[in-house]
Amino acid sequence: MLFSLLSQTSPLLSLSKKLSFLHTLTKTLSHLTITKTISTSTMAINLKSHAFVGNPLRSKTPKAEDPFAPIPALETLKTQLLDSTTEHHVSPPTFKVLPFRKGRPLASSNGGVGDLVPNWNLGWISLADCKEYLANSGVQLNGDSLVYLGSRPEDDVVYWAIDVSDEGGLVTEFATKQLSFVEVRTLMVATDWADSVAMGELAIAGHGRALLEWHSISRFCGLCGQKMVPIEAGSRKQCSNELCKKKVYPRVDPVVIMLIIDRENDRALLSKQSRFVPRMWSCLAGFIEPGESLEEAVRRETWEETGIEVGEVVYHSSQPWPVGPSSMPCQLMVGFHAYAKSLEINVDKEELEDAQWHNREDVKKALTFAEYQKAQRTAAVKVEQMCKGVGKGQNLAADFNVESGELATMFVPGPFAIAHHLISSWVYQDSFNGVEAHLKLPRSGSMSSL
């Protein structure tokens with residue numbers, strides 16, 4: 001259309017005006033191309049799924065009367081447990097069970113051939129097999145032992161989790177089938193984050209661990225002290241005291257995690273803690289206190305830990321984090337970019353080992369050279385070794401090296417952590433000239449969509 005307009009008006013334009021028009025047109029098209037490219041680049045960074053997000057068993061909640069909903073499914077399950085003949089003529093839905101031991105799900109591994117990396121899978125077993133395994137340990141399976149995880153109606157399957165921490169003999173029995181109980185954190189590092197199926201498996205493992213750990217720490221009523229019992233297929237608990245009947249719900253601990261950026265948008269504030277592996281730097285984070293907003297928590301935590309005063313706070317994304325201590329079954333990490341009003345750092349040594357401003361190029365190098373894929377391969381091999389019953393793998397921290405084999409001077413958490421996405425989206429936001437000023441503005445549409 002623009003070229004058509006130029007053609008129609010050309011008799012009225014001098015040669016110099018034609019050239020000027022073409023020059024302006026070229027700059028306009030170039031700017032549009034750059035804007036589109038940086039937008040696509042930003043989307044590519046930000047649309048990578050967080051670990052523990054995208055649980056395929058929880059994409060849709062069945063209606064209460066649906067046979068795949070928690071309560072009807074539990075009633076069907078109890079009927080099957082009582083009927084010893086149902087093993088031969090089971091009607092939909094069928095049931096699969098994922099055993100956990102001390103927060104670790106049962107897993108298997110398909111060994112990689114040649115240069116292929118091994119793939120881990122969750123160790124689902126049938127309801128009949130679960131019943132038999134427990135019977136061999138002298139335990140009678142009942143419906144209250146199982147916790148509803150979700151369903152796949154298209155496959156006529158409902159999925160459950162069960163805690164078998166007290167049945168030590170099962171470890172040996174599962175080992176004969178090359179199945180092992182593996183830490184969710186190890187599975188997290190071993191997961192190929194570009195594989196949506198594997199990421200879905202990880203989300204299921206995290207959800208199951210969070211629910212079972214919550215059940216483990218919610219044994220007694222906080223009001224009257226009587227025993228709590230599971231209801232609604234394990235999605236709730238209720239006090240067994242008829243005079244109390246207090247209900248409790250699965251615990252979620254909200255945490256703010258924030259990348260603090262200086263006024264010029266050239267440096268980011270990163271911190272390290274003594275519990276971190278050597279050379280790792282990350283974002284500030286802290287629990288939300290009662291009576292404060294998310295933005296207030298960002299400003300308070302930043303001030304308390306580093307003495308930096310924060311102005312505007314911009315939401316980025318969130319991530320469930322079910323790999324913390326068992327006393328906190330699932331944290332919800334709520335991520336922000338926040339803009340500093342001051343620069344002088346005063347580190348609270350009780351909270352942090354250190355905190356420093358890092359320029360964009362140094363952080364980009366940390367993202368570029370840290371061999372996250374090598375760490376993922378090492379963890380995948382470790383899971384395979386555990387399932388085969390062989391020795392322990394190497395320390396995962398040793399894999400965050402530069403390509404030359406030398407130690408990286410610094411690195412940041414891998415793509416399985418929301419901190420990585422907070423940092424990478426800031427590092428790559430101004431990869432093209434001409435749009436940097438637009439992306440600097442905290443209130444602009446591109447920033448609020450991070």
Side-chain angles (χ1 to χ4, degrees), residues 45-46 253-319 321 331-367 409-413 417-430 436-444 446-450:
I45 293 169
N46 293 328
D253 293 280
V255 177
V256 289
I257 179 168
M258 48 278 185
L259 183 68
I260 309 301
I261 303 165
D262 72 356
R263 287 183 290 252
E264 288 72 31
N265 198 26
D266 293 327
R267 295 183 298 169
L269 182 67
L270 298 178
S271 66
K272 60 193 299 188
Q273 298 184 23
S274 57
R275 62 182 177 84
F276 286 0
V277 295
R279 299 169 286 114
M280 188 176 86
W281 295 76
S282 188
C283 301
L284 298 176
F287 288 98
I288 299 170
E289 293 187 353
E292 70 179 351
S293 68
L294 296 169
E295 294 83 357
E296 287 173 326
V298 169
R299 296 186 180 101
R300 175 185 54 76
E301 283 288 342
T302 304
W303 172 258
E304 289 177 357
E305 295 185 354
T306 65
I308 298 293
E309 187 176 355
V310 166
E312 186 159 10
V313 177
V314 183
Y315 175 74
H316 180 281
S317 59
S318 63
Q319 176 189 26
W321 192 249
Q331 299 166 27
L332 177 63
M333 311 299 292
V334 188
F336 296 90
H337 285 160
Y339 295 85
K341 295 169 65 176
S342 62
L343 297 176
E344 186 177 349
I345 300 172
N346 183 16
V347 176
D348 180 353
K349 291 295 185 179
E350 292 186 4
E351 294 284 344
L352 304 174
E353 181 180 309
D354 196 8
Q356 293 180 15
W357 291 105
H358 296 265
N359 64 52
R360 194 185 304 273
E361 283 305 310
D362 287 343
V363 180
K364 184 181 291 187
K365 289 178 182 177
L367 286 167
T409 56
M410 67 176 287
F411 66 94
V412 300
I418 189 174
H420 180 97
H421 296 263
L422 287 169
I423 294 167
S424 65
S425 60
W426 170 74
V427 164
Y428 293 110
Q429 71 180 18
D430 61 348
E436 180 178 357
H438 172 68
L439 290 174
K440 276 184 182 180
L441 298 174
R443 294 187 184 278
S444 70
S446 61
M447 290 299 292
S448 61
S449 65
L450 289 176

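Throughout, residue positions are numbered sequentially from 1 according to the sequence presented.
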[X] versus [Y]: any side-chain heavy-atom pair under 4.5 Å?
{"X": "Leu294", "Y": "Phe336", "answer": "yes"}
{"X": "Leu352", "Y": "Leu284", "answer": "yes"}
{"X": "Gln356", "Y": "Trp281", "answer": "yes"}
{"X": "Leu259", "Y": "Leu270", "answer": "yes"}
{"X": "Met410", "Y": "His358", "answer": "yes"}
{"X": "Thr302", "Y": "Met258", "answer": "yes"}

Is there a donor-acceptor pair under 3.5 Å between the side chain of [X] and the backbone N or O of [Y]?
{"X": "Glu292", "Y": "Glu289", "answer": "yes"}
{"X": "Arg360", "Y": "Trp426", "answer": "yes"}
{"X": "Gln319", "Y": "Ile418", "answer": "yes"}
{"X": "Arg263", "Y": "Tyr339", "answer": "no"}
{"X": "Thr306", "Y": "Trp303", "answer": "no"}

Taking ring pair (Phe, Tyr, Trp, His ring centres under 6.0 Å) as the criterion, tell me which of His337, His421, His420 meets it with His316. His337

If I compare all heavy atoms of [X] with all of [Y], which pair ends up nearest, and what's the gap?
{"X": "Glu309", "Y": "Ser342", "result": "N-OG, 2.8 Å"}
{"X": "Ala340", "Y": "Asp262", "result": "CB-CA, 4.5 Å"}
{"X": "Phe276", "Y": "Ser282", "result": "CE2-CB, 4.0 Å"}
{"X": "Ser424", "Y": "Leu367", "result": "CA-CD1, 3.8 Å"}

Gap between atom [atom2] of [Y] and atom [atom1] of [X] - 0.5 Å precision:
{"X": "Glu305", "Y": "Ile260", "atom1": "CD", "atom2": "CD1", "result": "10.0 Å"}
{"X": "Asp348", "Y": "Ser271", "atom1": "CG", "atom2": "OG", "result": "11.5 Å"}
{"X": "Arg300", "Y": "Glu295", "atom1": "CZ", "atom2": "CD", "result": "13.0 Å"}
{"X": "Ile257", "Y": "Cys283", "atom1": "CD1", "atom2": "SG", "result": "5.0 Å"}

Test applied, side chain to side chain contact (heavy atoms under 4.5 Å, CB included); reference residue, Arg299; option that passes from Ile308, Val256, Val310: Val310

In terms of heavy-atom contacts, does CH2 of Trp357 have more than 12 from other residues, nucleotides or ligands at under 6.0 Å? yes

Applying side chain to side chain contact (heavy atoms under 4.5 Å, CB included), name anything that partners Asp362, two or more places apart in sequence or on another chain. Asn359

Distance alone, cut at 3.5 Å: any donor-acceptor contact between the side chains of Asn346 and Glu344? no

